[in-house]
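Accompanying notes for the structure given below.
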Number of protein chains: 2
Amino acid sequence: MKNRLKVLRAEHDMTQQQLADALGVSRQTINAIEKGKFDPSLPLAFKMSYLFNRSIERIFEYEESAS
Amino acid sequence: MKNRLKVLRAEHDMTQQQLADALGVSRQTINAIEKGKFDPSLPLAFKMSYLFNRSIERIFEYEESAS
DNA sequence: TTGAAATGTAAACAAGACTTTACATGATTT
DNA sequence: AAATCATGTAAAGTCTTGTTTACATTTCAA
């Protein structure tokens, strides 16, 4: 799963900490998601969607994996 | 988080087992999600989106909770 | 009305998402 | 050079998502 979080964050001139605060998660969570360590939960993806006013599909790109 | 899985499944005339197989998860996972016991992961939500040819936003409805 | 298919549920467990604390690095700014 | 800010990362722990096995209930066709 790829995501455009870093770019969206840059477009909105936000630090990881500011984004984390806006979403109610820790900065490490944002960092980990940006670095591809794991995917956000669906509720968190929705929050990002509302915050950046973009559909989930325009923030995240699904990639096939083992499943 | 509400979802329209049960209806989509009915529209496609699929059992929980068939949907589970199509998505690569267990039947209990489908049942639990339909019954609102938990939300799917983002990757699983994407798979559902592709399978039913509907955006994630048209399958799931976000509702504010404690966060 | 029996039998099979579909659904609901539960418990124990594994895997993934997320937190907290903590420290290290690079880039600014003073 | 020193302090500060933003980012990267790691370990231990918690909570959520998903699996497996198993059994009970509903539904519906034979």
Side-chain angles (χ1 to χ4, degrees):
Chain A
M1 197 105 144
K2 289 179 185 168
N3 71 72
R4 310 194 210 297
L5 267 194
K6 191 169 181 174
V7 170
L8 287 168
R9 198 163 54 74
E11 285 177 1
H12 289 73
D13 201 25
M14 296 177 89
T15 67
Q16 291 183 343
Q17 184 64 68
Q18 288 170 335
L19 177 55
D21 291 344
L23 295 169
V25 297
S26 70
R27 180 181 69 81
Q28 286 77 354
T29 291
I30 299 302
N31 188 283
I33 293 169
E34 283 191 5
K35 303 302 280 183
K37 298 202 177 167
F38 54 72
D39 300 319
S41 66
L42 186 56
L44 183 51
F46 264 97
K47 285 188 189 177
M48 291 168 171
S49 173
Y50 290 137
L51 183 64
F52 290 129
N53 199 35
R54 271 170 184 71
S55 71
I56 290 178
E57 287 82 358
R58 268 177 270 145
I59 301 179
F60 299 93
E61 184 183 352
Y62 182 65
E63 310 173 284
E64 297 292 324
S65 55
S67 73
Chain B
M1 196 102 147
K2 290 178 184 168
N3 70 72
R4 309 194 211 298
L5 268 194
K6 190 170 180 174
V7 170
L8 288 168
R9 198 164 54 74
E11 286 176 1
H12 289 73
D13 201 25
M14 296 177 90
T15 67
Q16 292 183 343
Q17 184 64 67
Q18 288 171 334
L19 177 55
D21 291 344
L23 296 169
V25 297
S26 70
R27 181 180 68 80
Q28 286 76 356
T29 292
I30 299 303
N31 188 283
I33 294 170
E34 283 191 5
K35 304 300 280 183
K37 297 202 177 167
F38 52 73
D39 300 320
S41 66
L42 186 55
L44 183 51
F46 264 97
K47 285 188 188 176
M48 291 167 171
S49 173
Y50 289 137
L51 183 63
F52 290 129
N53 199 36
R54 272 169 183 70
S55 70
I56 289 177
E57 287 82 357
R58 268 177 269 148
I59 301 179
F60 299 94
E61 183 183 353
Y62 182 65
E63 309 173 285
E64 297 292 324
S65 55
S67 75

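In the text below, chain A, chain B and the rest are named by the order of the sequence lines, each starting its count at 1.
- Here the closest non-hydrogen pair linking B/N3 and B/I33 is ND2-O, 3.1 Å.
- Heavy-atom nearest nucleotides on DNA chain C were determined for B/R9 and for A/T29, and the one closer to the 5' end corresponds to B/R9.
- To the nearest 0.5 Å, atom CG of residue A/D21 and atom OG of residue A/S26 are 10.0 Å apart.
- Separating the CD atom of B/Q16 from the C1' atom of D/dT19 is a distance of 16 Å, rounded to the nearest angstrom.
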Output, in order, the C-alpha distance, side-chain angles, deciding distance and verdict of side-chain contact (heavy atoms from CB on, under 4.5 Å) for B/I30 and B/L23. CA-CA 9 Å; B/I30 299 303; B/L23 296 169; 3.8 Å; yes
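- Rounded to an integer number of Å, the gap from CG of A/D21 to P of C/dT19 is 11 Å.
- Going from atom CE of A/M1 over to atom P of C/dG16 covers 14 Å, rounded to whole Å.
- Within the 4.0 angstrom heavy-atom criterion, base atoms lie near B/S26.
- If you check residues 35-46 of chain B against DNA chain D, the residues with a heavy atom closer than 4.0 Å are B/F38, B/D39, B/P40, B/S41, B/L44, listed by number.
- The base of C/dT7 does not come close enough to the side chain of B/Q28 for any donor and acceptor atom to sit less than 3.5 Å apart.
- Screening A/E11, A/H12, A/K6 for a side-chain contact (heavy atoms from CB on, under 4.5 Å) with A/R9, the sole residue that qualifies is A/K6.
- Using bins of under 30°, 30° to 60° and over 60° for the plane-to-plane angle, the ring pair A/Y62/B/F46 lands in the parallel bin.
- Without hydrogens or angle criteria, A/E34 side chain to A/N31 main chain gives no donor-acceptor distance under 3.5 Å.
- Taking atom NZ of B/K47 as the reference point, atom P of D/dG18 lies 10 Å away to the nearest angstrom.
- Distance CD (A/E34) to P (C/dA17): 16 Å, rounded to an integer number of Å.
- For the pair B/K47/B/P40, no side-chain contact is recorded, criterion being any heavy-atom separation below 4.5 Å from C-beta on.
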Whether each nucleotide of nucleotides 25-30 of chain D has a protein heavy atom under 4.0 Å at its base (B), only at its sugar-phosphate (S) or at neither (-) is summarised, 5' to 3', as ------
Detail all sub-3.5 Å separations between protein N/O atoms and N/O atoms belonging to nucleotides 24-30 of chain C.
none

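- Atom CD of B/Q17 is separated from atom P of C/dT9 by 17 Å (rounded to the nearest Å).
- B/R4 and B/R58 get closest at one heavy-atom pair: NE-O, 3.3 Å.
- Rounded to a whole Å, the CG atom of A/D13 is 15 Å from the C1' atom of D/dT7.
- For the atom pair A/L19 CG and A/R27 CZ, the distance stands at 12.0 Å (nearest 0.5 Å).
- Atom CG in A/L19 sits about 12 Å away from atom P in C/dC18, given to the nearest Å.
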Output, in order, the C-alpha distance, side-chain angles, deciding distance and verdict of side-chain contact (heavy atoms from CB on, under 4.5 Å) for A/I56 and B/L42. CA-CA 10 Å; A/I56 290 178; B/L42 186 55; 4.0 Å; yes
Derivation of the side-chain contact (heavy atoms from CB on, under 4.5 Å) call for A/L51 and A/L8: CA-CA 10 Å; A/L51 183 64; A/L8 287 168; over 6 Å; no
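- The phosphate of D/dG8 (OP1 or OP2) has a side-chain N or O of A/N31 nearer than 4.0 angstrom.
- Within the 3.5 Å criterion, the main-chain N or O of B/P43 finds no donor-acceptor partner in the side chain of A/D39.
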